[in-house]
Asks: 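One structure is given below, represented as structure tokens, and several questions about it will come after.
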Amino acid sequence: MKIIDFHCDTISQIYNYRNNGEDINLRQNNLHLDIEKMKKSDYMLQVFASYIDLKHDKNPLQNCLNHIDLLYKEIEKNKEDISIVYDYEDIIRNKENNKISALLSIEEGGVCKGDLALLRNFYRLGIRMMTLTWNYENELSYPNGYFYDEVRNKRKGLKEKGFEFIKEMEDLGIIIDISHLSDDGIYDVYNNTKKPFIASHSNARSICSHRRNLTDDMIRKIGERGGMIGINFYSAFLKDNLTYKDTAMIKDIIDHMKYISNLGGIDVVGIGTDFDGIDCKLEFKDSSNIQLIVESMKKNGFSEEEIEKVFYRNALRLFKEVL
Ligand SMILES: [Zn+2]
């Protein structure tokens, strides 16, 4: 089964390890994801995020540019097996040439400092997806998740710059990613856009009440729009009372797939592993064994067609429409 994954933090991890003096690359490493593992698992496309921590990275913009440079260099070294894609046709061409596609994203709209010129330059560098926030307030909006208590009593949707950004992102063809965004921000995106948008790595809040997950109404609205939700493999987003110390289990991943497809339709469900951004153990260890989920889906009543949709067909349809 081909695989399209909407989110991993592998490039930022490699960058950090190298800054600590470790010799580590994208070809083969001990992280969740590398090219060897992706080949073994029949990957069609991986979205590589430049994950930025605005509070702890001394120079977020510089770091983001360095992540992009690192990815370009690693992919150049492995160009027989993988190449960067800028549009739908690139993805199909790679597939025909038996190559994995790499699509670039940014996980923290704050790297653009509210400047549309920076957003456009990132597009020119190949960025095709971006979360408006990570877990901090920035020029565009407010986050969800860990800092929710600080913002509980006030409406915290998109800021003026946020509205300008989503318009420009739609015009350019950068997929708007609402993972990490505040609830009010998610509705602002829904009410002020026309194209499908995604939650690249979020689950269902009715099953696991973590605020990084999505309410039933959000799931329905993303589905109505033709958007997608990438199922996140993090234990703490899969089940209440689980933490990073617990192992992420396949049956819990499948529960979210079922719940979300029942509400929003099978066309809304995708994969957003969050590999190398999550610190829990995984029942299937890493990206090399992801086909175990396919086997388990078959046993749990998903048809071949439905599994194909979840693993790559839905994402291909979305890329065709938005990029
Ligand atoms: Zn994230």
Side-chain angles (χ1 to χ4, degrees), residues 4-16 31-33 46-57 60 63-64 67-68 71 102-112 122 127-138 140-148 151 162 169 174-183 185-186 189 197-205 208-215 218-219 222 227-239 242-244 248 252-253 256 260 270-282 286-287 315:
I4 292 180
D5 175 13
F6 280 143
H7 192 82
C8 77
D9 287 344
T10 309
I11 286 303
S12 304
Q13 284 279 6
I14 291 175
Y15 181 75
N16 292 340
L31 303 177
H32 286 145
L33 186 119
Q46 177 65 52
V47 177
F48 286 94
S50 163
Y51 155 63
I52 296 294
D53 183 329
L54 283 184
K55 289 226 165 110
H56 296 98
D57 292 349
N63 273 14
C64 184
H67 292 161
I68 294 169
L71 183 64
L103 188 132
L104 274 62
S105 83
I106 295 175
E107 185 176 24
E108 175 52 272
V111 294
C112 295
F122 276 123
I127 297 296
R128 293 294 181 270
M129 186 185 290
M130 187 172 81
T131 69
L132 298 180
T133 63
W134 186 59
N135 289 335
Y136 308 121
E137 178 184 350
N138 65 20
L140 310 180
S141 193
Y142 301 85
N144 223 326
Y146 311 111
F147 307 104
Y148 183 72
V151 300
M169 287 168 80
I174 297 178
I175 298 165
I176 299 167
D177 184 353
I178 53 121
S179 282
H180 290 281
L181 188 61
S182 65
D183 287 5
I186 291 171
V189 169
F197 57 89
I198 71 166
S200 66
H201 57 304
S202 298
N203 296 336
R205 207 180 288 176
C208 175
S209 61
H210 197 294
R211 300 208 59 88
R212 272 279 285 101
N213 290 336
L214 304 163
T215 66
M218 290 169 189
I219 292 167
I222 292 171
M228 283 183 67
I229 297 163
I231 304 291
N232 190 315
F233 292 179
Y234 189 38
S235 49
F237 299 164
L238 286 171
K239 217 171 167 184
L242 293 190
T243 70
Y244 69 94
D252 296 328
I253 291 170
H256 283 271
I260 291 174
I271 304 291
T273 63
D274 214 353
F275 280 145
D276 297 315
I278 54 180
D279 49 6
C280 62
K281 286 206 184 73
L282 303 156
D286 57 37
S287 60

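Ligands are counted one by one from 1 in listed order, and the atoms in each one are counted from 1 as well. These numbers were taken from a predicted model, which means no experiment stands behind them.
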Asks: Kindly compute the distance separating CG (Leu104) from OG (Ser50), expressed to the nearest 0.5 Å.
Replies: 8.5 Å

Asks: Could you grab the distance from atom OG1 of Thr131 to atom CG of Leu181, nearest 0.5 Å is fine?
Replies: 8.5 Å

Asks: Could you tell me how the ring of Trp134 sits relative to the ring of His180: parallel (under 30°), tilted (30 to 60°) or perpendicular (over 60°)?
Replies: tilted

Asks: Round to 10° and report the angle made at the Zn ion (ligand 1) by OE2 of Glu107 and NE2 of His180.
Replies: 90°

Asks: According to the interplanar angle, ranging from 0 to 90°, do the rings of Tyr136 and His56 count as parallel (below 30°), tilted (30 to 60°) or perpendicular (above 60°)?
Replies: tilted

Asks: If I take every N, O or S atom of Asp274, is at least one of them less than 2.8 Å from the Zn ion (ligand 1)?
Replies: no

Asks: As a test of reading the structure, name the N/O/S atom of His201 that is nearest the Zn ion (ligand 1).
Replies: NE2

